[in-house]
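Below you'll find the structure, written out as structure tokens, and then a few comments.
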There are 2 protein chains.
Amino acid sequence: MAIKRFTRQRRAVLEVLRSTRRHPDAAWIYHEVKKRVPSISLGTVYRTLDALVREGMVIALHTGGPTRYDAFTEPHPHLVCRRCGAVLDLDLEVGGLVEAARSAHPELVVERAWLAFEGLCPDCARSLES
Amino acid sequence: MAIKRFTRQRRAVLEVLRSTRRHPDAAWIYHEVKKRVPSISLGTVYRTLDALVREGMVIALHTGGPTRYDAFTEPHPHLVCRRCGAVLDLDLEVGGLVEAARSAHPELVVERAWLAFEGLCPDCARSLES
DNA sequence: GTGAATGCAAAAGCTTTGCACTCGA
DNA sequence: TCGAGTGCAAAGCTTTTGCATTCAC
């Protein structure tokens, strides 16, 4: 269903998500939102995230562990650290991917591209260097 | 740990995975492998897939649902159908992504690129066309 | 023979869901 | 008012794990 009411809970989830660039999962969001709306339940956090994703106000990232959420919806690549699991935004222009896929595969409907890199974040790169 | 013994179970998992291009999940692989090795358990399938991924003989795809596996390990883009969940290989050359990410972010260790598209597979595109 | 790998089953996440209650429009 | 949204708790699903047993080397 589409969002009909902007409740305290939903506003708080969206604000928490917009206030961070760490691509948190539902548990972290729950923990943060509870500071502002102590009565909120984890189920509501999940239902809210679901609704926000369906509305296109938030994107969901599937990296292997729990689903992570991002209120920054412009397509942009990520780096997933294979050591600590951190997700970082990359400053990298990669246009034309959807168009390229469309012309290579006219039989498909291509709507969106997801580009992620696997590697090490600066902290883990530092602590692993020999 | 590295793989030390190539048991019937592991051989069967690898062969099943190499025989299909459907990017199956652990449950499907279990079901197929059980036809050849009826005693196999789901836990062994998971442990085997884990080991094969660590060995680099198989890749794991995180698409939102259960993890899917692919014995075709050359980097190649996928299309994930948002309607039926199918995962298709795309015939699309996308080189230089890792290099581009490295030069944009020298502070990171970039090891691998994952490119996926979201959209509709041919069947779903057909059945949804107006 | 020996310990890596297995089978079984229990447990551990993460996420969804049913239901009665609440409250925003 | 009144039904969309919530809180709670139970359930669902995928995946992991402990332990005794088996079997590949």
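Lettering of chains follows the sequences in order, A, B, ..., and the numbering in each one begins at 1.
Atoms CG and OG, on A:L92 and B:S103 in that order, are 8.0 Å from each other to the nearest 0.5 Å.
With sequence neighbours excluded, the residues forming a side chain to side chain contact (heavy atoms under 4.5 Å, CB included) with B:V33 are B:A12, B:V13, B:V16, B:I29, B:V37, B:I40, listed by chain and number. Annotation: side chain to side chain contact (heavy atoms under 4.5 Å, CB included) contacts of A:A60 (sequence neighbours excluded): A:V53, A:H62, A:T67, A:Y69. Shown here are the side chain to side chain donor-acceptor pair (under 3.5 Å) partners of B:R126, two or more places apart in sequence or in another chain: B:D123. Under the side chain to side chain donor-acceptor pair (under 3.5 Å) criterion, B:T44 pairs with B:S41, not counting sequence neighbours.
Within the structure, salt bridge (charged side-chain N to carboxylate O under 4.0 Å, His left out) contacts touching residues 26-43 of chain B (residues at least two apart or in different chains) are B:E15-B:R36, B:E32-B:K35. Screening residues 79-123 of chain A for ring-ring contact (aromatic ring centres under 6.0 Å, His included), with sequence neighbours left out, gives no hits. Residue pairs meeting the ring-ring contact (aromatic ring centres under 6.0 Å, His included) criterion with at least one member in residues 2-47 of chain B, sequence neighbours excluded, are B:H23-B:H78. Among pairs with a residue in residues 79-99 of chain B, none fulfils ring-ring contact (aromatic ring centres under 6.0 Å, His included), at least two apart in sequence or across chains. Identified under the salt bridge (charged side-chain N to carboxylate O under 4.0 Å, His left out) test for residues 66-90 of chain B, with sequence neighbours left out: A:E111-B:R82, B:R21-B:D70, B:R21-B:D89.
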When you check every protein heavy atom under 4.0 Å of nucleotides 15-25 of chain D, what one-letter string (B, S, -) results, 5' to 3'? BBBB----BBS
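Overall, the helix from C:dG1-D:dC25 to C:dA25-D:dT1 carries an axis bend of 40° between its ends, with five pairs at each end and the value rounded to 10°.
Per the geometry, OH belonging to B:Y30 stands 16 Å off P belonging to D:dC13, to the nearest Å. In this structure, B:H62 atom NE2 and C:dC14 atom C1' are separated by 15 Å, rounded to whole Å. In this structure, NZ of B:K34 is placed 14 Å from P of C:dT6, rounded to the nearest angstrom.
Side-chain contact between A:T48 and A:R11: absent, with no pair of heavy atoms (C-beta onward) separated by less than 4.5 Å.
Taking side-chain N and O atoms only, B:R10 has no distance below 4.0 Å to OP1 or OP2 of C:dA4.
Taking every heavy atom of residues 14-21 of chain A and every atom of DNA chain C, no pair lies under 4.0 Å.
Of the listed nucleotides (D:dT6, C:dG7, D:dG7), C:dG7 has the atom at the smallest distance from the side chain of B:S41.
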